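If you're wondering where the values come from, they're calculated on a predicted model, not measured in any experiment. Below, all heavy atoms of this structure are taken into account, side chains as well, without hydrogens, waters or symmetry copies. When a residue number appears, it is its place in the shown sequence, counting from 1.
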Amino acid sequence: MTHIVTVRFTHAIRGFSVLPLTLVFLVLCVQSAFGQQPTPSPGSTTPTASSPDLPLRIEFNRRVRMRDGVELSADVYRPDVQGRFPVIINRTPYTKTSSGTLTLAKYFVSHGYVFVAMDVRGRGDSDGKFAPYVNDGQDGYDAIEWCAVQEWATGKVGTVGGSYNGRIQWLAAVKQPPHLTAMIVLVTPSDPFVEWPTGQPLPMDISWYHFTAGHVLQNMEAVDWKKLYLHLPLLTMDEATGRPNPLWKEEVEHSKLDSWWEPQRYQNKYEQVRVPVLGISGWYDDEQVGTPLNFIGMTTKGADEKLRRSQKMLMGPWPHAINSTAKLGEVDFGATAVIDMNACWLRWFDYWLKGIDNGVMNESPVRIFVMGQNAWRNENEWPIARTRWTKYYLHSNGHANTLLGDGTLSAAEPATEPPDKYTYDPANPVPFITDASFAQIGGPDDYRQIEQRNDVLVYTSELLTEDVEVCGPIKVRLSAASSARDTDFMAKLIDVWPSGYAQRLIDGMVRARFREGMDKPFLIEPGRAYVYDLDLWNTCQMYQKGHRIRLEISSSAFPKYDRNLNTGEALGKTTRMQAAEQKIYHDREHLSYVVLPIVPRKP
């Protein structure tokens, strides 16, 4: 049954969140300051309906039939006046009933749009069974086309949403729904194993499976998550939660990239996406890597030059809850860190869905926030073309263990140096500083206490005599050996303040068996040196004069990643663990280094 409500609103809307306030997982908090409304371009026949006194018509629980007969539930917010309007749709597994959804819908309706909020299959008021991502591509196609043919629609449909809601936009876009016109995707997850190259789900993902179980949002405080993450084997962690979940077990079982994962992939299909995309994320978003990868993919592999030039990327100093705060922990990014995101979104949709020539596509395609300098800057591409890719090599006399060791980092190549050694014991893994749930994994935390551990190698540069901007993808190459048949190597890039504060910027890892790719697992020969390439994603940090550049090396980052038990046995299914003796080489024949994207100042 469809319920229709007519309401009237008269005040400017400030801030919204896509998810319920029980978590900040995707609290897209936006500070808005509404000014003059855009004017239609000459000849436009699309009503703007931008009066703050415009009556709002709500149709709750519209049943939308998918091609297989399953009905999904949509709430339709539209101007209560005659006319046809462009449509913006947000599809979500987090239920469409939050106050943030209402706030966002009112904002877009006041500017002449229809806003559709839809529960994905098996969640909220929608029928069917929830299987993350599996049906969302086809369902997204059907939902977009349903919106386009309604009596209140112009036929132009835009999509918006973040995290899960962002990834499913891509899954729908690769199927090329004819009326999809533009997308705004935020903090978007990548393809399987891009963010977690371990062959296993992140331990903290089990809290997400709990949160999204059934049709409603579950109580996150009912489980002691920190205790739960220690559970072995990973395969039965769902049972230890008290909520058995066959989907969790399937992910553990499929420990390499194979055909089972194909329905969840989109980053191998950029040429099939035919719409302009505005990608938005933050340097401290724990799924950050997807947004730059998607921008690069669409600007290099898009179907034609016009489409490649229709892509934009915005990166702020934010966590997964983009634009929600100017301060993370001890780090304050300044007064300009939080922006008028509503206006940003409105300009994008006004241009692509209404044809308003507002100049948005005359601006630089990349806008980034330089942390440390705490300033916004426009760029023409990503990575930045004028980048000087600079290798900083690991050095020591064989005792880089702990913050007090002799590890150094410099641009000078090593000659003859002994390797550094440490013991990695999965029963006592190196902690990764984070909150307890999936809501936000890590931040600009101080790692000095972690660096006191003997199983953490610390390599630090001399004091910088001038500001150095490190802005772009970060890669690490290690020459390493292990006594185990399989193990992990982690790297973390740090900005060391004059006070000693060791600010985490970004980190990454490699699992030895997947050193040649997630589709080609091969165990290693104990004692043999191998070359490992680690992807530390991206950062944009102005290392200030008097600061130091630091790289940490270890073999665990728990509970961000599951512990490698060092046995070489089947992943996620065993409890037996053993310690591994690790060696990191850094000599003329076995180079180990981090490649820093150093960006000179613009003239």
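- In this structure, L230 and K227 have side chains that are not in contact, with every pair of non-hydrogen atoms separated by 4.5 Å or more.
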Checklist entry - Going through the checks in order, is the side-chain contact (heavy atoms from CB on, under 4.5 Å) test met by L353 and I88? => result CA-CA 9 Å; L353 301 185; I88 298 170; 4.1 Å; yes

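- In summary, the aromatic rings of F438 and F211 are positioned with their centroids under 6.0 Å apart.
- When all heavy atoms of N566 and N564 are compared, the pair lying nearest together is N-OD1, 2.9 Å.
- Annotation: the span from W537 atom CH2 to T291 atom OG1 amounts to 10.5 Å, rounded to 0.5 Å.
- Nearest heavy-atom pair, L247 versus A131, reported as atom, atom and distance to 0.1 Å: CD1-CA, 4.1 Å.
- Cation-pi geometry between R67 and Y141 is met: the NZ or CZ atom falls under 6.0 Å from the ring centre, inside 45° of the normal.
- In this structure, D488 and S555 approach most closely via the heavy-atom pair O-OG, 2.8 Å.
- Judged by distance alone, the side chain of D119 and the main-chain N or O of D125 form a donor-acceptor pair under 3.5 Å.
- The shortest non-hydrogen separation linking S126 to L72 is OG-CA, 3.4 Å.
- Note: Q582 CD to I553 CD1 = 11.5 Å, rounded to the nearest 0.5 Å.
- Within a 6.0 Å sphere centred on CD of E221, heavy atoms belonging to other residues, nucleotides or ligands number 12 at most.
- Using a cutoff of 4.0 Å between basic side-chain nitrogens and carboxylate oxygens, D238 and R243 are not scored as salt-bridged.
- In terms of modelled atom types and a separation under 3.5 Å, the side chain of S98 and the main chain of T101 share a donor-acceptor contact.
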Checklist entry - Does the salt bridge (charged side-chain N to carboxylate O under 4.0 Å, His left out) test come out yes or no for D136 and R91, once each step is laid out? => result CA-CA 9 Å; D136 284 312; R91 300 181 63 252; 3.6 Å; yes

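- Side-chain contact between W208 and P132 is present, with heavy atoms from C-beta onward closer than 4.5 Å.
- Counting heavy atoms from C-beta outward, P86 and V114 have side chains that stay 4.5 Å or more apart.
- Note that R563 lies in the cation-pi zone of F558, set by a 6.0 Å cut-off to the ring centre and a 45° limit from the axis.
- Ion pair E569/R485 not flagged as a salt bridge, since none of the NZ, NE, NH1 or NH2 atoms sits closer than 4.0 Å to an Asp/Glu carboxylate oxygen.
- At least one side-chain heavy atom of P233 sits less than 4.5 Å from a side-chain heavy atom of T575.
- The cationic atom of R515 (NZ for Lys, CZ for Arg) lies less than 6.0 Å from the six-membered ring centre of Y530 and within 45° of the ring axis.
- Inter-residue side-chain proximity for W283 and I368 is flagged as met; some heavy-atom pair is nearer than 4.5 Å.
- Within the 3.5 Å criterion, the main-chain N or O of V531 finds no donor-acceptor partner in the side chain of S479.
- For Y133 and Y164, the ring centers are positioned less than 6.0 Å apart.
- Residue-environment remark: NZ (K249) exceeds the threshold of 12 foreign heavy atoms within 6.0 Å.
- Applying the ring-ring contact (aromatic ring centres under 6.0 Å, His included) test to H254 and every residue at least two apart in sequence or in another chain returns W260.
- Side-chain contact between M66 and E71: absent, with no pair of heavy atoms (C-beta onward) separated by less than 4.5 Å.
- Within 6.0 Å of NZ in K256 there are 12 or fewer heavy atoms belonging to other residues, nucleotides or ligands.
- Residue-environment remark: NZ (K129) stays at or below the threshold of 12 foreign heavy atoms within 6.0 Å.
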Without placing hydrogens or testing angles, list every side-chain donor-acceptor pair under 3.5 Å for residues 184-192, not counting sequence neighbours.
| residue | atom | partner | partner atom | Å |
| --- | --- | --- | --- | --- |
| T188 | OG1 | L186 | O | 3.4 |
| S190 | OG | Q267 | NE2 | 3.4 |
| S190 | OG | G290 | N | 3.4 |
| D191 | OD1 | Y266 | N | 2.8 |
| D191 | OD1 | Q267 | N | 3.2 |
| D191 | OD2 | Q267 | N | 3.0 |

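- Of the possible polar contacts, one joining the Q288 side chain to the N538 backbone as a donor-acceptor pair under 3.5 Å is found.
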Item to check | Intermediate values then yes/no, side-chain contact (heavy atoms from CB on, under 4.5 Å), I474 and V594 | outcome: CA-CA 7 Å; I474 309 295; V594 56; 3.8 Å; yes

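- No side-chain donor from either of Q440 and T434 sits under 3.5 Å from a side-chain acceptor of the other.
- Of all the heavy atoms in C344 and L314, the pair that sits closest is SG-CD2, 4.3 Å.
- At least one cation-pi condition fails for K156 and W348: the charged atom is not both under 6.0 angstrom from the six-membered ring centre and inside a 45 degree cone around its axis.
- For the atom pair OH (Y229) and OG1 (T241), the distance works out to 8.5 Å, reported to the nearest 0.5 Å.
- We find that R121 and D139 are joined by a salt bridge, their nearest charged nitrogen and carboxylate oxygen being less than 4.0 Å apart.
- Within the 6.0 Å centre-distance limit, the rings of Y532 and F489 are counted as a close aromatic pair.
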Checklist entry - side-chain contact (heavy atoms from CB on, under 4.5 Å) between V64 and M118: does it pass, once the steps are laid out? => result CA-CA 9 Å; V64 183; M118 175 180 283; 3.8 Å; yes

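- Under the disulfide (SG to SG under 2.5 Å) criterion, C540 pairs with C471, not counting sequence neighbours.
- For the atom pair CG of L493 and CG of L596, the computed distance is 6.0 Å after rounding to the nearest 0.5 Å.
- In terms of heavy atoms, I144 sits closest to P177 at CD1-CG, 3.9 Å.
- Y209 and Q218 form no side-chain donor-acceptor contact under 3.5 Å, judged by distance and modelled atom types alone.
- A donor-acceptor contact shorter than 3.5 Å links the side chain of W196 to the backbone of Q200.
- In this structure, M509 CE and Y561 OH are separated by 6.5 Å, a value rounded to the nearest 0.5 Å.
- Applying the side-chain contact (heavy atoms from CB on, under 4.5 Å) test between Y284 and each of I506, I441, L505 identifies L505 as the sole match.
- Both tests do not hold together for K301 against Y270: distance to the six-membered ring centre under 6.0 Å, angle to the ring axis within 45°.
- Screening K96, R62, R123 for a side chain to side chain donor-acceptor pair (under 3.5 Å) with S73, the sole residue that qualifies is K96.
- Judged by distance alone, the side chain of E516 and the main-chain N or O of K520 form no donor-acceptor pair under 3.5 Å.
- The closest side-chain donor-acceptor pair between N268 and E262 falls under 3.5 angstrom.
- Under the 3.5 Å distance criterion, the side-chain polar atoms of R367 are left unmatched by any main-chain donor or acceptor of M315.
- Taking CG of D562 as the reference point, atom CZ of R511 lies at 4.0 Å (rounded to 0.5 Å).
- Listed for the T181 side chain is a donor-acceptor partner under 3.5 Å among the backbone atoms of H179.
- A side-chain N or O of E581 and one of T423 form a donor-acceptor pair less than 3.5 Å apart.
- Although no hydrogens or angles enter the test, the distance criterion places no donor-acceptor pair under 3.5 Å between the side chain of H320 and the main chain of E287.
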Checklist entry - After noting the C-alpha distance and the side-chain angles of E195 and V289, does the key distance pass the side-chain contact (heavy atoms from CB on, under 4.5 Å) rule? => result CA-CA 7 Å; E195 295 164 22; V289 67; 3.8 Å; yes

